[in-house]
*Asks:* 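Starting off with a structure, shown below.
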Amino acid sequence: MAGATEKDLATLRNEYLDLALRCRTEAKKLRGDRAAALEGQARAYAGCAADLFDLINGRKHPSARRR
C-alpha cells in the first residue's frame with residue numbers, strides 16, 4: 001500500500017482550511033457556548049491544516065515536534 005502523495009496531502013489541507021473557514025463564518029452568526037464551540041473546532045481544523053502544510057514542505061512530523 002502506497003502512502004499519501006503530496007497532491008493528496010494538499011487536497012486534504014485545503015479541505016481542513018475550508019472547514020475552518022465555514023466554522024468561523026457560522027460562529028459569527030451565533031453567541032455564547034455555540035459560537036465558542038465552533039471557534040474551537042475552527043482552531044482544531046486550522047491546526048490540522050498547519051500540520052499538513054509542514055508535512056508537505058518536508059518538516060519534521062508534527063507529533064514529533066510536540067514531545
Side-chain angles (χ1 to χ4, degrees):
M1 184 172 162
T5 65
E6 186 175 323
K7 183 180 177 182
D8 294 335
L9 293 175
T11 300
L12 185 58
R13 178 201 60 212
N14 292 340
E15 289 175 8
Y16 275 115
L17 288 172
D18 184 51
L19 287 169
L21 180 61
R22 284 193 226 166
C23 284
R24 285 192 176 109
T25 301
E26 287 302 311
K28 289 178 183 178
K29 298 175 187 176
L30 302 172
R31 296 188 186 275
D33 291 344
R34 292 177 66 188
L38 279 175
E39 272 299 325
Q41 190 64 49
R43 283 191 300 276
Y45 286 141
C48 290
D51 289 347
L52 286 166
F53 181 80
D54 287 349
L55 288 173
I56 291 166
N57 290 308
R59 295 190 181 119
K60 194 172 183 181
H61 192 278
S63 62
R65 289 193 317 262
R66 294 187 186 109
R67 290 181 187 182

*Asks:* Under 4.5 Å between side-chain heavy atoms, hopping through other hydrophobics if needed: is there a path connecting Tyr16 to Phe53?
*Replies:* no
*Asks:* Counting only heavy atoms not in Asn57, do more than 12 fall under 6.0 Å of its CG?
*Replies:* yes
*Asks:* Once you round to the nearest 0.5 Å, how far does CG of Leu52 lie from CG of Leu12?
*Replies:* 5.0 Å
*Asks:* How long is the straight-line distance from CZ of Arg24 back to CD of Glu26, given to the nearest 0.5 Å?
*Replies:* 13.5 Å
*Asks:* To which residues is Leu30 joined in a hydrophobic cluster, defined by side-chain heavy-atom contacts under 4.5 Å among Ile, Leu, Val, Met, Phe, Trp and Tyr, whether direct or through other members?
*Replies:* Leu38
*Asks:* Kindly state each residue pair satisfying salt bridge (charged side-chain N to carboxylate O under 4.0 Å, His left out) with at least one member in residues 5-15, sequence neighbours excluded.
*Replies:* none
*Asks:* In Å and rounded to the nearest 0.5 Å, what is the CD1 to OG1 distance from Ile56 to Thr5?
*Replies:* 9.5 Å
*Asks:* Please determine whether residues Leu55 and Leu17 belong to a single hydrophobic cluster, defined as Ile, Leu, Val, Met, Phe, Trp and Tyr linked transitively by side-chain heavy-atom distances below 4.5 Å.
*Replies:* no
